[in-house]
**Student:** 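Pasting a structure here, questions to come.
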Amino acid sequence: MTKQEAFAPAESRSSALWGTGNRGGGQRSSALWGKGGRPFVTLAVAALALTLPMAALAARADKGTGGPKPDGKGTYVPQALLDKAHQNPSVKLRVIVQSSQGTSGAVNAFKGLGAGNLGRKLDLVGAVSVEIPASKLDKLASMPGLTITPDAVVKVSGLTPSLPVSGQLWPYEAAFGQLWGSDSQYAGKVPTIAVVDSGIQPGRADFGNRVLASVNLSSLPNNSPGDGRGHGTFVAGIAAGSAYGYAGGAPSSNLVSLDVMDDNGMARTSDVIASCQWILDNKGKYNIRVANFSLHSSMPSNFTIDPLDKAVEKLWFAGVTVIAAAGNYGTSNTLPSGVLYAPGNDPFVITVGAIDLGGTSKDKDDSAAPWSAWGRTYDGFAKPDVAAPGRYMIGPVPATSTLAIQKADHVVAPGYIQLSGTSFASPVVSAAAAEILSRHPEYTPDQIKGALMVTARKVSVGAMDSAGAGEITAAKAAGMSVKPPNPNAALDKYLMSDGSGGTTFNGAAWQAASYADASWDAASYADASWDAASWDVASYADASWDAASYADASYADASYADASYADASYEDAAEGDATSDTSLGISPTDMLSLESDPLFAPPVAPLPDPTP
C-alpha cells in the first residue's frame, strides 16, 4: 500500500470497509431512513457528523494488527510499530503503555521487561510513558491486557485602528460584536480558557493580568521559558486578547497556559496527556470550563484506543468543553481528506475547521479553507463539527520567537503576525464557548456543542460537509432561549463509571453494538430534542450505513499500514498559507454591511475593561 492509499480519505475508499458508494456528500437511501432525495436543511449535516458514525472497525487482536478484544484481555500493538522494531531492534522506542489493570498494571508490565526507562505515570488513562529497546517490544506485546501505542510527536495545527475593538473582519463575521457590547453585564462570569500549546508570553499587555497560571509540562529539551515558539501566544490572542485593534473573541476571559510544545512546535503525546491531568486537577481552582488544543498527534488512530482521545474525554465528562483543531492536511474543500488524528478525531469533542472569509463581510463567498481537513474519522464520524474564521488571522507573537523569525514576512506590526490554520480557527470557537458559558453557566459541554452547531450558518461554497454544521454564529449560540440539543446523545448510553468517581467511555461495548447493528444510534433521534432547536429529523432520510459492508475491516490496514513513527515530526499548524495578505482590513463597504445587520455589527460601546 502506498502512502497516498494509506491516508486516502474515508469517503473516497472503495473496499469492504467503506463500501462502493459515494461518501462525499451525494444522496443515499436506506431501509432505516427511507428513500433519499430529501434536501438537507441548512444545519442537517451536523447530526450526521455526530450521531451517525459507520459501524465500528472490526477488532482484531491477533498478530498485533488489530484493536483490543471486547473482553479487555487481548494486547494491541500497531503493526507498523512492530515492523519498525523488527527492522531496527537496536533503537530506542518511546511508547505509551495502557493497561486494563490501570497505571500499576502498566508499571508492572514495564518492570517485567528488565530494561528501559520509565517516564510519566498517566493515571488519567491508566498508562505510563516508557522508553524501551525495540528488541523488547515483542516481549511487552506478549503480556495480556495492554494497549501499546507510540508516544507520538504532536504537531501544533491591513488594520483600521479607528475601530474600538478590532480592525479585523473575523470577529464580526463570527458574530462576537454584540457579545462584546453586553460583556459588561457578565463581568467576572466569563470562565477561564486553558491553552494547551507552546506557552503564553509573560507580561504581554494583550492579556493584562488575566493569565492566572503558566505551567511548563514539556519534556523536550529545546523549550525556552515563556513562549519560545510563539504559537501559544498567538492562539491565546485569538481566544482572549484585548489589545486595541486586535481583540480576540472573549477579551474578558481569563487564561491558563499549559506549555507542552518546544521551540520547534513539537510535543510528546504524554506531555499533552499530562496537561489534561493538570486541567482536571485545577479546573475548580481557576474556573477552567474550556480547553483549547490547537494541535494533533502525528499518528492516525481510532478514538477507542488512542490515549490522547481518552484523556480529552476525561475532561469532557468532567465538565470542561474541549475544542480541537481539525488539522491542515486537507487538499481542497471539495475532496475530503478525512480527520485522522487525536484529539480532533474524537466524536465527543468539538472539532473545528477553518473558514476563508473571501475578504468580504458577505456570507456567500465564505468557504472552508482549501487546507482545512474534513471528512470521516477511521471510526466513521464526520468531522469537523463546526468551522470558524482561520485564514489570514492577525494576532500577538513574541518578537524573538522562532515563529516570528521564520515567518518574518508575515509580521504586520511590531509584536503582531498574520497566520493561517485550523490552529487559529479553534480558539475562535473556544472564545465562543467561553462567552456562551458566561451567559449559561449551567450548560454542559454537550449543550455547548449543540448550541454552536444548531446556530451555525451554512457554508455554500465547496462540498456540503467540508465546514461541518457550518460557520459559527457566536451571538446566536449565546442567546439561545431553548435548551440546546445534545449531539452526543447516541454515544452517552455507553458512558460508565471509571471506578474513582469519574466517567469513562465503554469503547468495547460501543464497538460491539455498532459492529452488530449499523442503526445502533437510531433511537437517539426520538429523545435528542433536535426539534426544539428547529432541526429537521426527517432530513436524515438518506444518511444510514450498511453494517454488512464493514465485516472485513481492519484497524491496522486503515491507519498504520504506511505510517512512520520515526518520521512524523514536522509542524503544520501554522502552515496553512505560504504567504500573508495584508490587504484584509475592514473596508468602508464592509463597515456599512456590518452595521446594517444587528447580529454582526460592531459594538457601540468600547471594549470593557478586561481586568478581573
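The chain is numbered in sequence order, starting from 1.
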**Student:** Can a donor-acceptor pair be found between the side chains of D446 and N488 at a distance below 3.5 Å?
**Tutor:**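 Judged by distance alone, the side chains do pair up.
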**Student:** Determine, step by step, whether S426 and N292 satisfy the side chain to side chain donor-acceptor pair (under 3.5 Å) criterion, reporting the C-alpha distance in whole Å, the side-chain angles of both residues, the deciding distance to 0.1 Å, and the verdict.
**Tutor:** CA-CA 7 Å; S426 181; N292 186 91; 2.9 Å; yes
**Student:** Ring centroid separation for W510 and F381, is it under 6.0 angstrom?
**Tutor:**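 For W510 and F381, the ring centres are under 6.0 Å apart.
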**Student:** So which heavy atom on T304 is nearest to which on G507, and how close?
**Tutor:**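 Result for this residue pair: CG2-CA, 4.1 Å.
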**Student:** Let me see the working for N223 and M261 under side-chain contact (heavy atoms from CB on, under 4.5 Å), right down to the final yes or no.
**Tutor:** CA-CA 7 Å; N223 185 41; M261 296 282 171; 5.9 Å; no
**Student:** Would D262 and S218 count as having a side-chain donor-acceptor pair, cut-off 3.5 Å?
**Tutor:**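 Note: D262 and S218 side chains miss the donor-acceptor criterion.
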**Student:** Which heavy atom in A274 sits nearest to a heavy atom in L122, and how many Å separate them?
**Tutor:**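 Answer, listing the atom of A274 first, then L122: N-CD2, 4.5 Å.
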**Student:** S401 and R229: side-chain donor and acceptor closer than 3.5 Å?
**Tutor:**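 Absent: no donor and acceptor within the cut-off.
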**Student:** Fit a plane to each ring of W278 and Y286, take the angle between them on a 0 to 90° scale, and name the class: parallel (under 30°), tilted (30 to 60°) or perpendicular (over 60°).
**Tutor:**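 Parallel: the ring planes of W278 and Y286 meet at under 30°.
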**Student:** Taking the six-membered ring for Trp and the full ring for Phe, Tyr or His, determine whether the centres of F317 and F348 are under 6.0 Å apart.
**Tutor:**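 They qualify: ring centres under 6.0 Å apart.
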**Student:** Using a cut-off of 6.0 Å, state whether more than 12 heavy atoms not belonging to Q101 lie near its atom CD.
**Tutor:**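 Check fails, neighbour count at 12 or below.
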**Student:** Do the side chains of W374 and T351 get nearer than 4.5 Å, heavy atoms only?
**Tutor:**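 No, side chains not in contact.
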**Student:** Walk me through it: do F234 and L419 pass the test side-chain contact (heavy atoms from CB on, under 4.5 Å)?
**Tutor:** CA-CA 9 Å; F234 190 100; L419 297 171; 3.8 Å; yes
**Student:** Can you tell me how far the OG atom of S257 sits from the CG atom of D227, to the nearest 0.5 Å?
**Tutor:**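 Rounded to the nearest 0.5 Å, the OG-CG separation comes out at 7.5 Å.
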**Student:** Would you call D498-K314 a salt bridge at under 4.0 Å N-O?
**Tutor:**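 The answer is yes: the pair qualifies as a salt bridge.
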**Student:** Look up atom CG in L255 and atom CG in L212, then write down how far apart they are to the nearest 0.5 Å.
**Tutor:**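 Nearest 0.5 Å value for the CG-CG distance: 7.5 Å.
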**Student:** Do side-chain atoms of S99 reach the backbone of L146 as a donor and acceptor pair under 3.5 angstrom?
**Tutor:**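 No.
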**Student:** For the residue pair G421 and W371, what are the closest heavy atoms and their distance?
**Tutor:**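 It is N-CH2, 3.3 Å.
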**Student:** At what distance, to the nearest 0.5 angstrom, does NZ of K84 lie from CG of L82?
**Tutor:**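 Rounded to the nearest 0.5 Å, the NZ-CG separation comes out at 12.5 Å.
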**Student:** How many angstroms lie between CG in L308 and CD1 in I96, if you round to the nearest 0.5 Å?
**Tutor:**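 So the CG of L308 and the CD1 of I96 are separated by 8.0 Å.
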**Student:** Applying side chain to side chain donor-acceptor pair (under 3.5 Å) to N254 and N287, what does each step give before you reach the verdict?
**Tutor:** CA-CA 9 Å; N254 290 328; N287 190 29; over 6 Å; no
**Student:** Looking at every heavy atom in both G232 and V195, which two are closest together, and how far apart are they?
**Tutor:**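 That closest heavy-atom pairing would be O-CG1, 4.2 Å.
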**Student:** R204 versus P396: any side-chain heavy-atom pair under 4.5 Å?
**Tutor:**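 Yes, their side chains come closer than 4.5 Å.
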**Student:** Applying side-chain contact (heavy atoms from CB on, under 4.5 Å) to N264 and L220, what does each step give before you reach the verdict?
**Tutor:** CA-CA 10 Å; N264 295 315; L220 295 173; over 6 Å; no
**Student:** Could you state the interatomic distance from NE2 (H231) to CZ (F424), rounded to the nearest 0.5 Å?
**Tutor:**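 Rounded to the nearest 0.5 Å, the NE2-CZ separation comes out at 4.0 Å.
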**Student:** Ion pair present between D385 and K383, side-chain N to carboxylate O less than 4.0 angstrom?
**Tutor:**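 Yes, D385 and K383 are salt-bridged.
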**Student:** Please check if any side-chain donor atom of D271 sits under 3.5 Å from a side-chain acceptor atom of S219, or the reverse.
**Tutor:**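 On atom types as modelled, these side chains qualify, holding a pair under 3.5 Å.
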**Student:** Assess, by modelled atom type and distance only, whether the side chains of D197 and S294 contain a donor and an acceptor separated by less than 3.5 Å.
**Tutor:**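 The answer is no; no qualifying pair exists.
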**Student:** Is the H296 ring parallel, tilted or perpendicular to the Y329 ring (thresholds 30°, 60°)?
**Tutor:**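 Because their plane-to-plane angle is over 60°, the rings of H296 and Y329 count as perpendicular.
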**Student:** Between the side chains of D83 and Q87, is a donor N or O closer than 3.5 angstrom to an acceptor N or O?
**Tutor:**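 Q87 and D83 do not have a side-chain donor-acceptor pair below 3.5 Å.
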**Student:** Main chain of V312, side chain of D346: is a donor-acceptor contact present, judged purely on distance under 3.5 Å?
**Tutor:**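 Side chain of D346 to backbone of V312: no pair is present.
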**Student:** Stepwise, does the side-chain contact (heavy atoms from CB on, under 4.5 Å) test hold for F293 with I323?
**Tutor:** CA-CA 6 Å; F293 293 81; I323 316 292; over 6 Å; no
**Student:** Below 4.5 Å, heavy atoms only, C-beta onward: do L217 and R120 meet side chain to side chain?
**Tutor:**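 In contact.
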**Student:** With side chains defined as the heavy atoms from C-beta onward, is the minimum distance between S301 and T149 less than 4.5 Å?
**Tutor:**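 No, every pair of side-chain atoms sits at 4.5 Å or beyond.
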**Student:** Are the side chains of T321 and W316 in contact, using a 4.5 Å heavy-atom criterion?
**Tutor:**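 Of all side-chain heavy-atom pairs linking T321 with W316, at least one is under 4.5 Å.
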**Student:** Are side-chain N/O atoms of N328 and T422 paired as donor and acceptor at under 3.5 Å?
**Tutor:**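 Present: a donor and an acceptor within the cut-off.
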**Student:** Locate the shortest heavy-atom distance separating S253 from R210; write the atom from each residue and the value.
**Tutor:**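 Distance-wise, the nearest heavy atoms are O-NH1, 2.5 Å.
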**Student:** Quick check: does any side chain N or O of T233 sit under 3.5 Å from a backbone N or O of G230, one acting as donor and the other as acceptor?
**Tutor:**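 Looks like no, no N/O pair under 3.5 Å.
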**Student:** Taking all heavy atoms of P384 and all of V352, pick out the closest pair and write down the distance.
**Tutor:**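 P384 and V352 have their closest heavy atoms at CB-C, 3.9 Å.
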**Student:** Can you find a heavy atom in the side chain of T269 that is under 4.5 Å from one in the side chain of D151?
**Tutor:**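 Heavy-atom side-chain distance check passes, below 4.5 Å.
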**Student:** Short question: side chain of N506, backbone of A509 - any donor-acceptor pair under 3.5 Å?
**Tutor:**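 Pair found, side chain donor or acceptor close to backbone of A509.
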**Student:** Quick check: does any side chain N or O of Q277 sit under 3.5 Å from a backbone N or O of V125, one acting as donor and the other as acceptor?
**Tutor:**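 No.
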**Student:** Would you check if P307 and I273 make a side-chain contact, meaning some heavy-atom pair closer than 4.5 Å?
**Tutor:**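 Yes, at least one pair of side-chain atoms sits under 4.5 Å.
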**Student:** So, the side chain of K449 versus the backbone of V349: is there a donor-acceptor pair under 3.5 Å, distance only?
**Tutor:**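 Yes.
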**Student:** Do side-chain atoms of S275 reach the backbone of V272 as a donor and acceptor pair under 3.5 angstrom?
**Tutor:**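 At least one qualifying donor-acceptor pair exists.
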**Student:** For the pair K310 (side chain) and G126 (backbone), establish whether a donor and an acceptor sit closer than 3.5 Å, ignoring hydrogens and angles.
**Tutor:**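 Side chain of K310 to backbone of G126: no pair is present.
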**Student:** Hey, does V196 have a side-chain heavy atom less than 4.5 Å from the side chain of I279?
**Tutor:**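 When only atoms from C-beta onward are counted, V196 and I279 do touch, with a gap below 4.5 Å.
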**Student:** When rounded to the nearest 0.5 angstrom, what distance separates CG in D306 from CG in N345?
**Tutor:**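 Interatomic distance, D306 CG to N345 CG, rounded to 0.5 Å: 6.5 Å.
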